[in-house]
Undergrad: 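I'd like to ask some things about the structure below.
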Amino acid sequence: EGRIKAMIAIRDCVRSLIEYQTEDYRDEVIREQQHKLNRLYDNFTVNYGLLSSRGNNMAFSDDSSYCLLCSLEILDENGELERKADMFTKRTIRQRTSVNHVDTATEALAISIAEKACVAMGFMQGLTGLSEEQLAKDLEGIVFRNPVHFNNDGVIQYETADEYLSGNVREKLKTARQFAKMHPDLYSVNVAALEKVQPKDLRASEIDVRLGATWLPPDVIKDFIFELLETPYIYRRYIDVFYSSHTANWNIKGKSDDRSDNIRADVTYGTQRINGYKIIEESLNLRDVRIFDTVYEDGVEKRVLNKKETAIAQQKQEAVKEAFQSWLWKEPKRRERLTRIYNDCFNAIRPREYDGSHIRFTGMNPEISLRKHQVDAVAHILYGGNTLL
């Protein structure tokens, strides 16, 4: 009990000392608290040993501040006390300082990012005395007005370049061009910046497409069916292709309506048990073709896999898939259309690069110097909405 009470007293003293430094109390107050901490620590070690000893660990390790207490001791490689931590004698926390005025928009932006984690134009106006229009002009190319980003009052917000010029930049460019037509003075700079960061388009040879890819337009699949199976024109009006985004399911309407003894549908890419239209539908839904027979055992109807017919049908299915691969990119207009769709859908994201050089680390030991990747990681946490914040 005495051991725990003494550690609680040290813990409370340390927390008060941290608060005094953070709030920038007078040196006399901080020195008095440091003397108190020294006294409490020395009395404790005389009776119970080092804070990090096994006995004290067993008594106090469940307390969330036990690691804080252990940081008061600098141990050597043998686990013996080398010296007390700097907190006993020095200011170890960078105190909070408030900036009420700056002269430039760049300085105001750095403070806004550090304190608000966003481009707060109202806050920056208060720091500089400049109008929003002047701030936006001075920071052109550094911050961008996002026409689809509003605050709670319905006011369009600004974003830093690393935020605005990342994410789905293709969609952002489309939006910027639409707004630039109405307000070229406000959004032409957005268009110019976004055009420079567009991902390089992938060529058809770099895109692997399988039959059943959900981004393929249904009319392309229908063209493939008609060309592959040479569907007679008289039956084409009855056959159509649909894709449901809700169920992720392809459906070929009228797959049994071709009654023309079509050799390609019934023999080349189909069998007597399943025609080419149905095989293509199964392939679109990424299912292996299977043929079942209905048999009766003891008066009970059962479905049994017909291995021979299934093997034949699956050979036809492989032929359909191979035909699709060789057909898809042949026609120039179709190739251009599909590569455009693919790039817009799947090659549109530009990763964000975080810069934490402007962040001020209030409360951190001024003797600690973080590396660039560390401050950038903090920026990632601040701006990326990480739960560590």
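Small disclaimer: the values here were computed from a predicted structure and weren't measured. Note that the numbering runs from 1 along the sequence shown for the chain.
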Undergrad: Side chain of Glu73, backbone of Leu81: donor and acceptor closer than 3.5 Å?
TA: no

Undergrad: In the structure I gave you, are the side-chain heavy atoms of Trp215 and Leu338 within less than 4.5 Å of one another anywhere?
TA: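 Touching, per the 4.5 Å side-chain cut-off.
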
Undergrad: Would you tell me whether Asp63 and Ser65 have side-chain atoms, one donor and one acceptor, within less than 3.5 Å of each other?
TA: yes

Undergrad: Is it the case that His149 and Asn151 place a side-chain donor and acceptor less than 3.5 Å from each other?
TA: no

Undergrad: Do side-chain atoms of Ser112 reach the backbone of Ala108 as a donor and acceptor pair under 3.5 angstrom?
TA: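 No: the side chain of Ser112 does not pair with the backbone of Ala108.
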
Undergrad: Is a side-chain donor or acceptor of Gln317 paired with a backbone partner of Arg287 at a separation under 3.5 angstrom?
TA: yes

Undergrad: First locate atom NZ of Lys36, then atom CG of Asn38, and finally report the distance between them rounded to the nearest 0.5 Å.
TA: 13.0 Å

Undergrad: Assess whether salt bridge (Lys or Arg N to Asp or Glu O under 4.0 Å) is satisfied between Asp257 and Arg237, documenting all intermediate values.
TA: CA-CA 10 Å; Asp257 288 351; Arg237 59 180 177 174; over 6 Å; no

Undergrad: What do you reckon, is OH of Tyr238 surrounded by more than 12 foreign heavy atoms closer than 6.0 Å?
TA: no

Undergrad: Considering non-hydrogen atoms only, spot the tightest contact between Asn190 and Phe144 and give its length.
TA: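 Scanning both residues, the minimum pair turns out to be OD1-CD2, 3.7 Å.
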
Undergrad: Would you call Lys84-Asp42 a salt bridge at under 4.0 Å N-O?
TA: yes

Undergrad: After noting the C-alpha distance and the side-chain angles of Thr104 and Thr128, does the key distance pass the side chain to side chain contact (heavy atoms under 4.5 Å, CB included) rule?
TA: CA-CA 7 Å; Thr104 66; Thr128 60; over 6 Å; no

Undergrad: Under 3.5 Å, is there a donor-acceptor pair between the side chain of Ser326 and the main chain of Ala323?
TA: yes

Undergrad: When you look at CG of Asn78, are more than 12 heavy atoms from neighbouring residues, nucleotides or ligands closer to it than 6.0 Å?
TA: yes

Undergrad: Looking only at non-hydrogen atoms, find the nearest pair between Ser64 and Arg15 and report the distance.
TA: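 It is OG-NH2, 4.4 Å.
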
Undergrad: Any non-hydrogen side-chain atom of Leu216 less than 4.5 Å from a side-chain atom of Tyr243?
TA: no

Undergrad: Please check: side-chain N/O of Arg236 versus main-chain N/O of Thr231, any donor-acceptor pairing under 3.5 Å?
TA: yes

Undergrad: If you take all heavy atoms of Gly212 and Trp250, which pair is closest and at what distance?
TA: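 Closest approach of Gly212 to Trp250: O-NE1, 3.4 Å.
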
Undergrad: Enter the distance from Glu77:CD to Glu82:CD here, rounded to the nearest 0.5 Å.
TA: 9.5 Å

Undergrad: Can you find a heavy atom in the side chain of Tyr269 that is under 4.5 Å from one in the side chain of Ile280?
TA: no

Undergrad: Look at the side chain of Lys172 and the backbone N and O of Ser166, then say whether any donor-acceptor pair between them is shorter than 3.5 Å.
TA: yes

Undergrad: Do Ser53 and Tyr48 get their side chains close enough for a donor-acceptor pair, meaning under 3.5 Å?
TA: no

Undergrad: Given side-chain hydrogen bond (donor to acceptor under 3.5 Å, both in side chains), test Gln134 with Ser131 step by step and report yes or no.
TA: CA-CA 5 Å; Gln134 185 61 47; Ser131 66; 5.4 Å; no

Undergrad: Specify the closest pair of heavy atoms between Leu165 and Ala193, including all atoms of both residues, with the distance to one decimal.
TA: CD2-CB, 3.9 Å

Undergrad: Around Glu227, counting heavy atoms of other residues, nucleotides and ligands shown, do more than 12 lie under 6.0 Å from its CD?
TA: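 Yes - once you tally the heavy atoms of other residues, nucleotides and ligands closer than 6.0 Å, there are more than 12.
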
Undergrad: What do you reckon, is CD of Glu132 surrounded by more than 12 foreign heavy atoms closer than 6.0 Å?
TA: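 Yes, CD of Glu132 has more than 12 neighbouring heavy atoms, counting only those of other groups under 6.0 Å.
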
Undergrad: Determine whether a donor-acceptor pair (N or O, by modelled atom type, separation under 3.5 Å) exists between the side chain of Arg177 and the backbone of Val191.
TA: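 No, the answer is negative, given that no donor and acceptor are paired below the 3.5 Å cut-off.
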
Undergrad: Looking only at heavy atoms, what is the nearest atom pair of Pro199 and Arg170, with distance?
TA: O-NH2, 3.0 Å

Undergrad: Hey, is the main chain of Val155 close enough, under 3.5 Å, to the side chain of Asp153 for a donor-acceptor pair?
TA: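 No.
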
Undergrad: Starting from the C-alpha separation in whole Å, work towards a yes-or-no answer on salt bridge (Lys or Arg N to Asp or Glu O under 4.0 Å) for Arg273 and Asp293.
TA: CA-CA 10 Å; Arg273 299 291 297 275; Asp293 294 328; 2.9 Å; yes

Undergrad: More than 12 foreign heavy atoms under 6.0 Å from CD of Glu195: is that the case here?
TA: yes

Undergrad: Assess whether atom CZ of Arg334 is packed by more than 12 heavy atoms of other residues, nucleotides or ligands within 6.0 Å.
TA: yes

Undergrad: Within the side chain of Gln34, is there an N or O that forms a donor-acceptor pair under 3.5 Å with the backbone of Lys90?
TA: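 Pair found, side chain donor or acceptor close to backbone of Lys90.
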
Undergrad: Between Tyr187 and Arg145, is there a donor-acceptor pair closer than 3.5 Å when you use the side chain of the first and the backbone of the second?
TA: no

Undergrad: Which is it for Gln157 and Val119 under the side chain to side chain contact (heavy atoms under 4.5 Å, CB included) test, yes or no, and what are the steps along the way?
TA: CA-CA 8 Å; Gln157 296 297 285; Val119 183; over 6 Å; no

Undergrad: Around Lys321, counting heavy atoms of other residues, nucleotides and ligands shown, do more than 12 lie under 6.0 Å from its NZ?
TA: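 Yes, the 6.0 Å shell around NZ holds more than 12 heavy atoms from other groups.
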
Undergrad: Are Ile291 and Leu305 side-chain neighbours, meaning at least one heavy-atom pair lies under 4.5 Å?
TA: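 A side-chain contact is absent here, since even the closest heavy-atom pair is not under 4.5 Å.
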
Undergrad: For Met58, look at atom CE and say whether over 12 heavy atoms of other residues, nucleotides or ligands are found less than 6.0 Å away.
TA: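 Open: at most 12 neighbouring heavy atoms sit under 6.0 Å from CE of Met58.
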
Undergrad: Do Gln33 and Tyr25 have side-chain heavy atoms sitting under 4.5 Å apart?
TA: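 Gln33 vs Tyr25: side chains apart.
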
Undergrad: Can you check whether Asn146 reaches Ile156 side chain to side chain, under 4.5 Å on heavy atoms?
TA: no

Undergrad: Under the criterion side-chain contact (heavy atoms from CB on, under 4.5 Å), which of Leu211, Leu228, Asp223 is the partner of Trp327?
TA: Asp223

Undergrad: Could you measure the distance from the CG atom of Leu50 to the CZ atom of Phe44? Nearest 0.5 Å is fine.
TA: 9.0 Å

Undergrad: If you look at every heavy atom in Asn347 and Asp201, which pair is closest and at what distance?
TA: ND2-CA, 4.0 Å

Undergrad: Are the side chains of Gln21 and Asp24 in contact, using a 4.5 Å heavy-atom criterion?
TA: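 No, every pair of side-chain atoms sits at 4.5 Å or beyond.
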
Undergrad: Do the side chains of Tyr20 and Ile93 get nearer than 4.5 Å, heavy atoms only?
TA: no

